[in-house]
Number of protein chains: 4
Amino acid sequence: MSSGTPRRADALRNRQLALDAATALLAEPGTPLTVENIARRAGLGAATVVRTFGGKDALLDAAVSDLLAPVVQRARDLLAETAPGQALGLFLGELIAFQATHHSVSDHVEGLNMPATAALRGDLARVMEEMVERAQRDGAVRTDIDPAVATGLIGRTALAIARAQPRSRQLVDAYLTVLLQGLRPPA
Amino acid sequence: MSSGTPRRADALRNRQLALDAATALLAEPGTPLTVENIARRAGLGAATVVRTFGGKDALLDAAVSDLLAPVVQRARDLLAETAPGQALGLFLGELIAFQATHHSVSDHVEGLNMPATAALRGDLARVMEEMVERAQRDGAVRTDIDPAVATGLIGRTALAIARAQPRSRQLVDAYLTVLLQGLRPPA
Amino acid sequence: MSSGTPRRADALRNRQLALDAATALLAEPGTPLTVENIARRAGLGAATVVRTFGGKDALLDAAVSDLLAPVVQRARDLLAETAPGQALGLFLGELIAFQATHHSVSDHVEGLNMPATAALRGDLARVMEEMVERAQRDGAVRTDIDPAVATGLIGRTALAIARAQPRSRQLVDAYLTVLLQGLRPPA
Amino acid sequence: MSSGTPRRADALRNRQLALDAATALLAEPGTPLTVENIARRAGLGAATVVRTFGGKDALLDAAVSDLLAPVVQRARDLLAETAPGQALGLFLGELIAFQATHHSVSDHVEGLNMPATAALRGDLARVMEEMVERAQRDGAVRTDIDPAVATGLIGRTALAIARAQPRSRQLVDAYLTVLLQGLRPPA
DNA sequence: AATGAATGAGGGTTCATTCAT
DNA sequence: GATGAATGAACCCTCATTCAT
């Protein structure tokens with residue numbers, strides 16, 4: 001087919017091609033997320049994709065966790081460098097912006113029971129809880145909500161907003177405004 | 001068998017049996033939502049179920065819209081009978097409570113592109129927009145958000161909270177508290 | 001395709017067609033024992049065969065146990081009606097004759113870990129042990145071999161002879177002669 | 001890498017590595033007998049294994065015949081050096097002991113239609129026929145069975161006993177006792 | 001009109017073999 | 001010459017839909 005396709009040392013590149021294809025398809029709710037479709041998109045054979053990752057779930061695990069890892073890292077950085085009250089708002093905005101670029105990934109962040117994704121999901125939850133807790137101690141967030149509950153609330157609603165299709169700037173802004181005001185300690 | 005029974009009545013009864021079975025299965029994430037399972041649950045043949053509705057999507061359209069219709073009606077009633085500021089809060093609570101009883105229905109409210117469901121989705125959006133608009137005129141909701149945008153925001157986040165699994169009373173309460181406070185005009 | 005193929009009441013007949021096809025293929029080591037081949041031979045679709053039995057293993061379980069059941073029953077009858085010394089010889093001859101008609105079934109009698117086949121395998125072993133034990137008490141079989149061991153010995157070698165391809169009358173006769181003489185108490 | 005090493009020697013060593021790996025896997029019913037597994041065990045690439053032999057069947061042909069050849073040779077030696085009546089008994093014991101060490105090899109001795117294995121299978125049959133014939137002339141084996149038929153009988157049953165799983169010393173002993181007594185001329 | 005049975009289409013996966021490095 | 005990677009073919013299985021009863 002594509003006579004220029006290289007092999008050997010570029011196995012890593014093919015791996016990435018498959019990941020990119022999976023990511024692309026995760027963003028196209030129209031086309032079914034089948035191994036065949038992923039492989040076609042990557043310019044590979046279906047068996048190659050399966051073999052490279054060891055199964056469809058493992059491929060999705062890799063794709064989703066590759067996307068999620070920098071998000072978790074960013075949360076950690078914000079937690080370390082920024083004032084608690086601001087960190088939460090900043091991160092929320094960035095989280096939505098991130099998911100805006102990787103549409104239906106969110107569907108798989110929840111629900112995919114594979115090691116890498118599950119671990120990152122846990123990490124993200126922990127970092128966000130810490131964010132909330134500090135913000136509460138700082139007086140920036142109301143204390144009548146348990147940090148774990150607040151984290152669930154924030155994560156789920158942010159996901160929903162990010163998943164909106166079409167997603168408008170207005171919607172995201174409104175969400176951030178409402179959520180952050182709603183989280184403030186009542187007057 | 002029951003040669004004296006009027007056929008028309010049987011057909012209607014079967015239709016309802018299938019709808020009830022589909023509704024029941026929509027609430028049981030454990031069992032796959034296949035035509036066969038729906039038919040077995042309804043005590044009917046698989047062919048009958050398909051034939052009665054003309055396809056699985058049509059059946060789901062009927063089931064989902066049957067569930068959604070009273071919700072829309074309730075919204076209309078609240079709009080007519082209750083003070084704008086209260087209506088929104090009341091309805092939001094009821095909407096989540098409803099979805100809590102019909103777990104995965106929400107997944108199909110979005111995403112199912114069939115006439116009845118799409119129409120009700122539109123109806124619901126319009127009623128909620130009207131709710132928001134009136135609440136804004138009443139000074140109960142901040143006016144810096146477009147009613148259509150606010151409706152999208154409310155609908156999507158409510159859906160996400162309702163879909164949470166496990167769903168805790170704490171989460172729902174926190175959501176209502178935060179969202180309603182966040183929607184109030186800023187001090 | 002075959003316009004004369006009947007349906008409804010003959011579902012049982014189709015079941016039998018599939019079983020017969022499986023049995024036939026079990027006897028043709030040349031053609032692979034795939035669901036597709038079984039279905040083609042039976043004049044059915046592959047999905048039908050799978051659906052009817054619930055999986056390939058279940059089909060083989062049914063085929064093998066259907067063939068094995070009368071053999072076990074015959075052993076029970078002989079045990080009840082015939083003198084111990086004769087019963088063993090008679091049964092052995094019939095066992096081989098049976099397997100001669102159902103060639104490679106034997107491969108699956110061993111090795112197929114499915115309920116019906118496993119149960120019959122156990123039943124057959126028990127009946128044969130009882131046969132050997134009685135023949136030993138009767139002085140017709142040497143007593144320096146444990147009945148369970150003798151049963152294993154007889155079963156496995158009979159299987160092997162039955163599996164022979166081509167199988168000659170001479171071979172079977174020689175086997176019976178040698179085995180029965182070998183089992184007699186030493187002079 | 002090892003630029004000084006003569007290629008021919010490497011090739012021969014790889015050939016033996018692959019054969020050893022195949023032999024090892026033939027004895028481990030747990031792990032599937034795939035080219036990949038053989039190659040991994042040999043510390044070689046899958047392509048190398050295939051390329052060295054020209055296909056999986058050719059590899060198995062080589063492995064099986066390598067295992068079978070000494071057995072045939074041993075039969076020839078016994079034929080030349082030992083009294084006919086004893087030779088048969090001795091060889092039978094050794095044959096089973098051999099197969100006991102190379103479990104599933106037996107499955108491939110039969111059924112593998114490749115030149116080397118087929119040839120050795122024929123050789124073995126001929127040597128055993130000669131053994132039987134001489135034993136018959138010596139009065140050690142009954143003469144009412146054709147030597148070719150007796151050979152088939154012995155070979156097949158011995159295989160079956162060797163294949164038994166679990167294989168017990170009791171079973172093997174019982175088999176040898178029964179078969180050898182059964183082969184003696186009737187009193 | 002109702003339905004159990006049949007099935008074509010499609011899904012994920014495995015494996016012997018081929019190819020480009 | 002050796003090999004990791006790639007792949008076409010084949011396997012078993014599921015399911016919405018159609019068909020004959």
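Just so we're on the same page: letters track the sequence lines, and every chain starts at 1. The shown structure was predicted, so the numbers you read here are calculated from the model rather than taken from an experiment. Values below: every heavy atom of this structure, side chains too, minus hydrogens, waters and symmetry copies.
- For the OP1/OP2 pair of E:dA5 and a distance below 4.0 Å, the side-chain nitrogens and oxygens of C:Asn14 include no atom meeting the criterion.
- Ranked by how close their nearest DNA chain E nucleotide is to the 5' end, D:Leu33 and C:Arg15 are led by C:Arg15.
- Here the OG1 atom belonging to A:Thr117 is positioned 4.0 Å from the CG atom belonging to A:Asp61, to the nearest 0.5 angstrom.
- Taking the nucleotide of DNA chain E with the nearest heavy atom to each of A:Ala47 and C:Arg51, the more 5' of the two is matched to C:Arg51.
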Checklist entry - Just the dot-bracket of DNA chain E, please: which string comes out with Watson-Crick or G-U pairs under 3.5 Å, [ ] for crossing, | for another strand? => result .||||||||||||||||||||

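- In this structure, the side chains of D:Leu60 and D:Leu33 come closer than 4.5 Å at one or more pairs of heavy atoms.
- Note that the OG1 atom of B:Thr48 and the CZ atom of B:Arg15 stand 14.0 Å from one another [nearest 0.5 Å].
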Checklist entry - Going through the checks in order, is the side-chain contact (heavy atoms from CB on, under 4.5 Å) test met by D:Arg121 and D:Asn113? => result CA-CA 10 Å; D:Arg121 204 163 40 202; D:Asn113 266 339; 3.5 Å; yes

What donor-acceptor contacts under 3.5 angstrom involve side-chain atoms of residues 35-42 of chain A, with partners at least two apart or in another chain?
{"unit_1": "A:Asn37", "atom_1": "OD1", "unit_2": "A:Arg40", "atom_2": "NH2", "d": "3.0"}
{"unit_1": "A:Asn37", "atom_1": "ND2", "unit_2": "A:Pro32", "atom_2": "O", "d": "2.8"}
{"unit_1": "A:Asn37", "atom_1": "ND2", "unit_2": "A:Thr34", "atom_2": "OG1", "d": "3.4"}
{"unit_1": "A:Arg41", "atom_1": "NH1", "unit_2": "A:Glu28", "atom_2": "OE1", "d": "3.4"}
{"unit_1": "A:Arg41", "atom_1": "NH1", "unit_2": "A:Glu28", "atom_2": "OE2", "d": "2.8"}
{"unit_1": "A:Arg41", "atom_1": "NH2", "unit_2": "A:Glu28", "atom_2": "OE2", "d": "2.7"}

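- By the 4.5 Å heavy-atom criterion applied to side chains, C:Val71 and C:Leu67 are not counted as neighbours.
- Qualifying side chain to side chain contact (heavy atoms under 4.5 Å, CB included) partners for B:Ala47, counting only residues two or more places apart in sequence or in other chains: none.
- Listed pair B:Thr48 / E:dT3 meets the phosphate criterion, a side-chain N or O lying under 4.0 Å from OP1 or OP2.
- Rounded to whole angstrom, the span from the CE atom of B:Met114 across to the C1' atom of F:dA16 amounts to 13 Å.
- Note: C:Thr52 OG1 to C:Leu44 CG = 7.0 Å, rounded to the nearest 0.5 Å.
- For the segment residues 34-46 of chain D, the set of residues with a heavy atom within less than 4.0 Å of an atom of DNA chain E comprises D:Thr34, D:Val35, in numerical order.
- In this structure, the nucleotide among F:dT17, E:dT18, F:dA6 sitting nearest to the side chain of D:Val50 is E:dT18.
- Summarising the geometry, the separation between CG on A:Leu12 and P on F:dG4 is reported as 15 Å, rounded to the nearest angstrom.
- Checked against side chain to side chain contact (heavy atoms under 4.5 Å, CB included), B:Ala58 has the following partners two or more places apart in sequence or in another chain: B:Phe53, B:Met114.
- Near DNA chain F, meaning a heavy atom under 4.0 Å from it, residues 53-62 of chain C has C:Gly55, C:Lys56 in order of number.
- Every residue was checked against the side chain to side chain donor-acceptor pair (under 3.5 Å) condition with A:Asp57, not counting sequence neighbours, and none meets it.
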Just distance, no hydrogens or angles: give the donor-acceptor pairs under 3.5 Å from side chains in residues 20-27 of chain A, sequence neighbours left out.
{"unit_1": "A:Asp20", "atom_1": "OD1", "unit_2": "A:Gln16", "atom_2": "NE2", "d": "3.1"}
{"unit_1": "A:Thr23", "atom_1": "OG1", "unit_2": "A:Leu19", "atom_2": "O", "d": "2.8"}

